[in-house]
Amino acid sequence: MSIAKTYSPKDFEDKWYQYWMENDFFKSTPDEREPYTIVIPPPNVTGVLHMGHMLNNTIQDVLVRRARMSGKNACWVPGTDHASIATEAKVVAMLKEKGIDKKDLSRAEFLAYAYEWKDKYGGIILDQLKKLGASCDWSRTSFTMDPALSEAVIDTFIHLHKKGLIYRGVRMVNWDPKGLTAVSDEEVIRKEVNQKLYYIRYEVRSEKLKVESEKLDTESQPSTFNPELSTFLTIATTRPETIMADAAICVNPNDERYTHLHGKKVFVPLINREIPVILDEYVTMDFGTGCLKVTPAHDLNDYELGQKHHLPVIDILNDNGTLNEKAEILVGEDRFIARKKIAKLLDEAGYLEKVEDYKSQVGFSERTDAAIEPKLSMQWFCDMAEMAGPALDYVNNGDVKLIPDKFINTYRHWMENVKDWCISRQLWWGQQIPAWYAPNGEVVVAKTAEEALTKFKLNTQYSLLTTDELKQDEDVVDTWFSSWLWPISVFDPTVCGNPDAEGNADINYYYPTNDLVTAPEILFFWVARMIMAGHEFRGEAPFKNVYLTGIVRDKLGRKMSKSLGNSPDPLDLIEKYGADGVRVGMLLCSPAGNDIMFDESSCEQGRNFANKIWNAFRLIKGWEIDESLPNPNETTINWFESRFNEALAEIESNFKSYRLSEALMASYKLVWDDYCAWYLEMVKPAYQQPIDKATYEASIQYFERILKVLHPFMPFLTEELWHDEVFGKREEKDCCIVAQVPSSTPTNEKLLKEIDAVKQVVSEIRNIRNSKQISPKEALTLAVKVNSGIDYQTYSNIISKLANITELSNTDEKIAGAATFMAGRDEFFIPLAGSIDVEAEKESIKKDIEYLNGFLRGVNAKLANERFVQNAKPEIVANEQNKKADAEAKIQILEESLTALG
RNA sequence: GGGAUAUUAGCUCAGUUGGUUUAGAGCGCUGCCUUGACAGGGCAGAGGUCACCGGUUCGAAUCCAGUAUAUCCCACCA
C-alpha cells in the first residue's frame, strides 16, 4: 500500500479525533494510577475561538497528552463560562435587532431569550477546540450556570455571609446614563478629551475678611489674586454643574496661602448653601488653586474624603444624567447642557474668574459611548483581607508555583494591597443574589424565600410577613464569583459552602489539580481568587503550577483583536496548515510568560515539519527487505540509540521545567537533523536496492519511538502513521495517544563524540567539493593522519557513503598536492592532482592560524594572570590549559602544512 | 506618577547559581545542487563590539548603580 506523496492533514484529522472519542481515550475515572488534572479556563459560552485560545489550549493539550503517555490518569475538564456582562450585552444587542428593548421585558422573559441564545451558540467554541485536537474529557463538560454549579455559588454566598465576609456597602460605580446600568471598570474606555477648567469663586463669610476685601475691591487688583485680602476663594473644576452637590472645600493644612481659611465656612455660588472648609493633605498644593471642591456624590476620591470628614452626600443627578431637585437650579437639564448654562450663570453673577483649556482622561461606556458618571449605590462586597493571607502564603512558600516566577512580585504586591471585592452586578444573566428584602427594606440572606421568611420571623415584628411580600435582590453576582469555584465545582459542587463536607470520589481523587494554564492578565481576577476559594472549601490550593502564557500579538507587536482585524481565524489556519502544523507553529514562538509575536509563517514551518516526517516515513515504508543481506549499519544503529536517548533526556528536562517550545525544538532537531539528515542518509540503501533486515527493523523501531515523542505536539499525524502496516497489525486500542513514551537510558558518550567528528569530516569534504566545484557524484579518496586516537576505519563506510569517498587510508606523513582540512586535531588529505591552488590553500591555512593565535592569546593572558590561577576553580584552570594545548597543537600542525606547501 | 519585567544575528528566541573554544538555535538570507523519501527538499556559507554609560571582579551577555527604549500591572489628581 503506497501513501500520498505529500502530507495532507485533511485526509485523517477528523477521522482520528472521532476514533479517540469512540474509544473513550479522553475519558477519565478515578483509579489506582496517579492523577494528572487540568481544568480548562472556561471560555465565554457564546465566544468563538481566537488565537489566545489556540495558544492556551495547545499548551494544555500537550501537557495532558504527555501525562497520559507517562502512565498517569490524565483528566482535562472542559467547560464554558456564562460571562454575565459579555453575554448579556450580546443578548441585549440581539434583542435590539429584533426591535425588542430589554426594559420592556420581565426578568423571566429576558432569561428565556438568553438561554435560547446560549443553547444556539453556546458550545461552538468547544467544537472548535476539537478541531485543534484538544483531548478533553467531554463527558465532564461543565457550564458555570449549570444548576449544580449555580447552587454552589449561592451556597458560597450564604456561607461567606454567615462568616461575616460578605456585606452590603456603598460604592461608587461606573454609571452609564444612556444604558441605565452600572458597568465594570473593564468596560470603561478612557479617552483624552479637551475640556475646560473653570475657576470659580466661592464667597467666604467672615466679618473680618469682608472688611479687608472691600479694600481689595477699591484698590482693584483683580489680576493678582491675594487670598489674604479676598472674601473669595477660588477653586478649579472641570465640572461646574456639580457645585450644587458640594459638601465642603478642602485645602492642604500645610498650604500657607490658606491658613486664614481654617475653620471658616464658604457659600456655594448661585444657591448660597453654606459648606465648611476642611483640611486634608490629600489636596495637592500646586495643582489648580490649591482649593478643592469636595463633591462626595459625584467623584470617588471626593467620596472617600467625605467619608473621612463625615460630610453629607448630596446626589444631584438622576439616573439618566439630568439634574434633580436637589440641585435647586437647572432641575431637569442634562448634565452637559447644565454645564454650559451654569458657566454662563456664574459668569453673569461674577463668580467665574477664568476658564482654561484643559486635557484630561474621561471614561466612556464601551457599549453606549456615553460619558461615565461616577454614581454611589448600595452593593454587595466580599471582604478580601482575611482570604488574601493564606492565598499569598501558598505562592510565597512554593505550594503554588507561578511559571515563570517573575509574576510572584506582582502577585504579592496585589495580595498585600487587596481591596474588597464588589460582587454585585446590575444584570440578569447570572446567579441572582440570595438576599431578600422585607417591605421596610430590611434584608436577610437565605437560599429561598421560605428560608428568608423563617429568618425574618425570628423577630416578632415580622410575625405577619408572607413570602409574597419578600422581594429578592435584583442583582446577580460577578462572573468571577462563580468561576473562582471552578476547580472545585466541576468535580463536586456540593462542597462549595460546606468546608466540612468530605466530598465525592472525584474531588478526592482529582483535587488539587496539577497545572493551570492561563493568561497573566487574570492572575488576580481569577487565579488568586481560585486559590482563596480552594483554601476556604478544601483547605488546600486548587493547583500546583500556574503556567502563564503571553498575549498573542501580530508581528508588529499589536495585540490581536477583532477591531484591528489583525487576528487570523484559527479555523482557517487549521484548514491551511493542518491542526498539527498550527500547534507546532504556535509553540515554536511561545516562551512562557512572554507575549508571542505570532507570524503565520511559523505555521508553515510546522506544516513543513509534518511533511518532512511524512516523507521520511515514505522512505522507510518503501524499502524492500532482503533477509540474506548482512547488517552493514551496526555502528550507525548504535549511535542513533545513544543520540535518541540523549535527546530524550533533554526533552524530559524541558518538560519538567515547562519549556515547551524548547522541548518541541529538541524533538524537531532529533527528527530533522539526526534521524532524517544523518541516520537515514547513513543507512539508506542505494536507489532501488533492498535493505537488510536488522537495519530495517531498527529504523522502523526508531520511527515508532519518534512518533511517541512527537505525539503531544502533533497528535493527528503521529496517530495516522502509528497505524500503518509497517508496524504490524495493531489491536483496536493500540493507539499512539495511549502509548507509553520511553524514558531515557544512559548513552555511549564515546560513540556520540566520535560520530560528531565523523560528521565534521563529512561536512568538510562537502565544503571542499562546494568550494572547488567538485560534483558530489565524482568519487574521491581520503587519507587521515590521526592525532586524536579516533579509529576512523570504524566509520569508513559512513564517510564513504555520505561523502562519496572510495578509499579511506591512514597516513603518517602529510600528503602533497592534496586539499586538506582538520577535524579536531586530525589532519585529512584529499589528493587532487593538479587542481590545488597552492596560494589559496596557504591563505586559508594562514587564516586558521591567525584565528587560533588570537584565541591562544586570550587563553595565555588568562593563564599568565596569577590571580586567575589562584582564584579560579581548579577544573576551570585545567580546562584553560587543555584549550591552550589544543590550540598549540593545531597551530603546529597547520604551520607544518604551510611549510610543506612551500 | 508608583511598581514589575524586558532589551542578545534581518525575525522569533536559548544562554540553568560569573569562566566550556573568540556567544548558540530555528526561520529568513546568499551560493551551489532538479529525474533517487521530501523544492513544503538537499549541501555549504555569511550574519552579533549581547541597548548605552559607569562600577564590582583575575574574569561580566550573566552581578550592582544610572540612562534610554519597550511592554505590563496599579493609581490616574479636582
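Order of the sequence lines fixes the chain letters, A, B, ..., with proteins taken first and strands second; residue numbering starts at 1 for each chain.
- Heavy atoms of Gly622(A) sit nowhere under 4.0 angstrom from any nucleic acid atom.
- The number of heavy atoms from other shown groups lying within 6.0 Å of CD (Gln773(A)) does not exceed 12.
- The neighbour count for Glu850(A) CD, taken as heavy atoms of other residues, nucleotides or ligands under 6.0 Å away, does not exceed 12.
- Ring geometry for Tyr668(A) against Trp672(A) counts as tilted: the plane angle lies between 30° and 60°, on a 0 to 90° scale.
- Contact annotation: Lys612(A) does not reach the phosphate of rG40(B) (side-chain N/O to OP1 or OP2, under 4.0 Å).
- Between the side chains of Asn804(A) and Lys777(A), no donor N or O sits under 3.5 Å from an acceptor N or O.
- Residue Ser763(A) has a polar side-chain atom (N or O) positioned under 4.0 Å from OP1 or OP2 of rA44(B).
- The shortest distance between the side-chain N/O atoms of Asn770(A) and the OP1/OP2 oxygens of rG45(B) is not below 4.0 Å.
- OP1 and OP2 of rA37(B) both lie 4.0 Å or more from every side-chain N or O belonging to Asn611(A).
- When only modelled atom types and interatomic distance are considered, Lys293(A) and Thr242(A) share a side-chain donor-acceptor pair under 3.5 Å.
- The residue Val294(A) sits apart from the nucleic acid: no heavy atom pair falls under 4.0 Å.
- The residue Gln773(A) sits apart from the nucleic acid: no heavy atom pair falls under 4.0 Å.
- Closest to the side chain of Leu619(A), out of rA37(B), rG40(B), rC58(B), is rA37(B).
- Here Asn871(A) lies in heavy-atom contact (under 4.0 Å) with a base.
- Taking only side-chain nitrogens and oxygens, Lys419(A) comes nearer than 4.0 Å to OP1 or OP2 of rA75(B).
- The C1' atoms of rC13(B) and rU7(B) are separated by 13 Å, rounded to the nearest whole Å.
- Whole-Å rounding puts the Ile876(A) CD1 to rU62(B) C1' distance at 14 Å.
- The aromatic ring of Tyr851(A) is stacked on the base of rU22(B), with the two ring centres less than 5.5 Å apart and the planes inclined by under 30°.
- Annotated as syn: rG47(B), whose O4'-C1'-N torsion sits within 90° of 0.
- For Asn615(A), no side-chain nitrogen or oxygen approaches OP1 or OP2 of rG41(B) to under 4.0 Å.
- Residue Phe609(A) is classed as having no contact, given no heavy-atom separation below 4.0 Å to the nucleic acid.
- Residue Arg607(A) is in base contact, counting any heavy-atom pair closer than 4.0 Å across all strands shown.
- Here the NZ atom belonging to Lys612(A) is positioned 5.0 Å from the SG atom belonging to Cys676(A), to the nearest 0.5 angstrom.
- When the side-chain nitrogen and oxygen atoms of Trp672(A) are compared with OP1 and OP2 of rG42(B), one or more of them lie within a distance under 4.0 Å.
- Proximity of Lys684(A) to the phosphate of rA37(B): a side-chain N or O atom is located under 4.0 Å from OP1 or OP2.
- Residue Ala610(A) is out of contact with every strand shown, counting any heavy-atom pair closer than 4.0 Å.
- Within the 4.0 angstrom heavy-atom criterion, base atoms lie near Cys676(A).
- Here Tyr668(A) does not reach the OP1 or OP2 of rA25(B): none of its side-chain N or O atoms lies under 4.0 Å away.
- Listed nucleotides rC43(B), rG19(B), rA25(B) differ in distance to Ala677(A); the shortest reach to its side chain belongs to rC43(B).
- Here Arg769(A) does not reach the OP1 or OP2 of rG31(B): none of its side-chain N or O atoms lies under 4.0 Å away.
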